Amino acid sequence: MDEQLVERVLRAVEQIPRGRVASYGDLAELVGVGPRLVGRVMSLYGSNVTWWRVTSASGDLPLALADEARARWADEGITWKPNGRGCRIRDHRVDLTRLADDYERAVRDLG
DNA sequence: ACTATGACAGACG
DNA sequence: TCGTCTGCCATAG
């Protein structure tokens with residue numbers, strides 16, 4: 001894995017404000033890579049950051065992570081509908097353009 | 001070198 | 001609302 005890329009992805013995740021979520025695709029667009037790569041980075045290094053604010057485009061997470069994530073969501077006031085279908089997580093997606101500002105800053109301050 | 005498979009997404013039937 | 005297919009990048013076999 002390209003360390004630079006990993007850093008950029010993780011940095012992007014950290015820009016997601018409390019109480020909001022972003023999809024893998026959102027982050028991918030922000031970082032400038034394919035969504036699958038973001039998924040891969042998260043699977044490897046996600047536990048180091050606020051991974052529960054990253055959901056799939058449909059608002060779901062793998063079963064194992066869902067339990068943990070739900071607790072976090074409840075704590076942050078993120079509403080969701082149990083039983084997958086019609087998950088309301090989508091209503092909490094961040095405005096990508098606003099996220100981009102903070103992200104640019106974060107990446108600049110990195111080097 | 002080639003294929004299959006992912007914490008994925010978008011288009012289409 | 002489901003399958004299916006294609007694009008995406010890295011890894012494993």
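Chain letters run A, B, ... following the sequence lines, proteins first, then strands; residues in each count from 1. Being a predicted model, the structure only gives us computed values, none of them experimental.
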Please report, rounded to the nearest Å, how far the P atom of dA9(B) is from the CG atom of Leu61(A).
10 Å

Determine, step by step, whether Asp101(A) and Arg98(A) satisfy the salt bridge (Lys or Arg N to Asp or Glu O under 4.0 Å) criterion, reporting the C-alpha distance in whole Å, the side-chain angles of both residues, the deciding distance to 0.1 Å, and the verdict.
CA-CA 6 Å; Asp101(A) 272 354; Arg98(A) 247 179 58 181; over 6 Å; no

Rounded to the nearest angstrom, tell me the gap between atom CE in Met1(A) and atom C1' in dA12(C).
15 Å

Pairwise 5' ranking along DNA chain C for Pro35(A) and Leu5(A), keeping only the more 5' one:
Pro35(A)

Between CG of Asp26(A) and C1' of dA7(B) the distance, given in whole Å, is 15 Å

Over all atoms of both residues, closest heavy-atom pair of Glu14(A) and Thr50(A):
CA-OG1, 4.4 Å

Where the side chain of Ala57(A) is defined as all heavy atoms beyond and including C-beta, which of dA9(B), dA7(B), dC8(C) is the nearest nucleotide?
dA9(B)

On DNA chain B, compare the nucleotides closest to Ser23(A) and Leu37(A); which residue's is nearer the 5' end?
Leu37(A)

Rounding to an integer number of Å, can you tell me how far Leu27(A) CG sits from dC9(C) P?
16 Å

Pairwise P distance for dG7(C) and dA7(B), with rounding to whole Å
22 Å

Glu29(A) CD to dG10(B) C1', straight-line distance once rounded to whole Å
12 Å

Looking only at N and O atoms, is any donor in the side chain of Tyr24(A) or the base of dA7(B) less than 3.5 Å from an acceptor on the other one?
yes

At 4.0 Å (heavy atoms only), tell me whether Ser56(A) reaches a base, stays on the sugar-phosphate, or touches nothing.
sugar-phosphate

Taking atom types as they are modelled, would you say the side chain of Arg40(A) forms a donor-acceptor pair with the base of dG6(B) within the 3.5 Å cutoff?
no

For Val31(A) versus Ala12(A), what's the shortest heavy-atom pair and its separation?
CG2-CB, 4.0 Å

Would you mind reading off the distance between Arg93(A) atom CZ and dC8(B) atom C1', rounded to a whole angstrom?
12 Å

What is the separation between atom CG on Asp60(A) and atom C1' on dT1(C), rounded to the nearest whole Å?
14 Å

Locate the shortest heavy-atom distance separating Arg93(A) from Ala57(A); write the atom from each residue and the value.
NH1-O, 3.9 Å

Leu44(A) has an atom CG; how far is it from atom C1' of dC9(C), in whole Å?
13 Å

Closest contact, heavy atoms only, Trp51(A) versus Leu65(A)
CH2-O, 3.8 Å

